[in-house]
Amino acid sequence: MGRYYRVTFKTMIFLVFLQGTAVVLFHSWFIHLSVSESPPQGKVHVLLLSSWRSGSSFLGQVFSQHSSVFYLMEPAWHVWSNVEKPSAKLLRMAVRDLMRSLFKCDFSVMDSYLPENYNVSTLFAWTDSRALCAPPACSLTVTNTTLCQDKCDAQGLLKAEKACNIYSHVVLKEVRFFELESLYPLLQDPSLDLRIIHLVRDPRAVMNSREASRKAFVLDSSIVLEQKETPLYMVQYKVLQKICHSHIRINERAVLKPPPFLKGRYKMIRYEDLTRNPLKEINELYEFVGLEMTSGMGEWIYKKTHGMGKGTKKQAFQITSRNASLVSQAWRTRLPFYKVKRVQEVCKEAMELLGYRTVDNLKEQRKLDIDLLTPKEPYLFNWRPA
Ligand SMILES: *[C@@H]1O[C@H](CO)[C@@H](O)[C@H](O)[C@H]1NC(C)=O
Ligand SMILES: *[C@@H]1O[C@H](CO)[C@@H](O)[C@H](O)[C@H]1NC(C)=O
Ligand SMILES: *[C@@H]1O[C@H](CO)[C@@H](O)[C@H](O)[C@H]1NC(C)=O
């Protein structure tokens, strides 16, 4: 009997020990699980969602130049330009998955879209990413795209991955999204902290800018129009119509009827507000994604918006606050009224939603002191983080 009890006692101790171990193991497994499921060290992922000729290159630089940001411009270009008979709808999920991997700094996804033995320089507009031109991706310590081009190329993307991993913010700029629904899995992914900044611009100004470089848009336009046969004179309007429609659809999803996981994660900005008041608007954007306005960035923004940045290829807007509206209103003097009228027809709903006033005749169009921008205050463009 005594012996029997002793065994039971030992067994009990053993069981208690076993249970304790199990609790500890389970606990650490659980902690491990919750750690690996949340964004590493509070990393923030930002999608700059825009459309062609809407000032997104400039906005991209506003982020790329920040010392806490790893930035890539248009990674989805690789998808769109590598698939036969592409259409925007067909490529939507491929683009989404590419972005998910890139946000997580897994660059192996690029294998599918890059030629064999690729270099960092194979990435679209790679020198636009300050982070790819600085340690640890490159030994260069000054910000200079010409020098970056010469000195920062490397085989493979391992260094780019390494760089991506050390920054607190990964920012991707895309003009190739026409809806938000395909991004829902990213918004619900616990290992991502995704914020979406949606940049829009007056479609008449977009039209004016597209007209100036029609040829550049042939491939993209056919993808946007799903390869449908479209008479040449209608292509621009049809594309603009799609873009305008996407503004409405995205705004409806994000602002009017947002699913719970979208609240606090979407912010819309108008290019015109950005040009009229760059520092204020950029401050708000930084706040939205949790970036500090540094003195270096303040200086950079001042230089860029006052046309003082020398040596860069094309200034996004060489303007002062006094003539900012003149520059973003170039369409009013350049576009013939019949084109303006046509754009206003295909984009009517979006223009109303975004606060762009229509003009009724050429006289109104040319009279630059009539302000066609409705102040943004009455518009609900975003959900502020709680
Ligand atoms: C790739 O980068 C390496 C290292 O900088 C360089 O030697 C090589 O010429 C580059 N290859 C291409 C195709 O650019
Ligand atoms: C970048 O470096 C090149 C070559 O050294 C130099 O000629 C150029 O002025 C530099 N650009 C800027 C903006 O500093
Ligand atoms: C805006 O002002 C700047 C500085 O005064 C000037 O260089 C630029 O030409 C002006 N732009 C227009 C469109 O008037």
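Values in this document were obtained by computation on a predicted structure and should not be read as measured data. Order of listing sets the numbers, starting from 1, for every ligand and every atom in it. Just the heavy atoms: all of them, side chains too, but no hydrogens, waters or symmetry mates, feed the values below.
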Next item on the list: Kindly write out the residues that satisfy side chain to side chain donor-acceptor pair (under 3.5 Å) with Glu174, not counting sequence neighbours, or none if the list is empty.
Entry: none
Next item on the list: Return the orientation label for the Tyr286 and His66 ring planes: parallel under 30°, perpendicular over 60°, tilted otherwise.
Entry: perpendicular
Item checked: Ring centroid separation His45 to His169 under 6.0 Å -> no
Notebook entry, point to check: With a 4.5 Å limit on heavy-atom distance, are the side chains of Glu272 and Tyr356 in contact?
Noted result: yes
Contacts table for residues 232-245: side-chain donor-acceptor under 3.5 angstrom, sequence neighbours left out:
residue	atom	partner	partner atom	Å
Gln236	OE1	Arg210	NE	3.0

Check: With sequence neighbours excluded, what pairs up with Asp371 under the side chain to side chain donor-acceptor pair (under 3.5 Å) test?
Finding: Arg276
Just the distances, no angles: every ligand 1 N or O to protein N or O pair closer than 3.5 Å, one line each.
residue	atom	partner	partner atom	Å
ligand 1	2 (O)	Asn119	ND2	2.4
ligand 1	5 (O)	Asp153	O	3.3
ligand 1	11 (N)	Asn119	ND2	2.8
ligand 1	14 (O)	Asn119	ND2	3.2

Margin query: Pairs of nitrogen or oxygen atoms closer than 3.5 Å, one from Thr146 and one from ligand 2: do any exist?
Written below: no
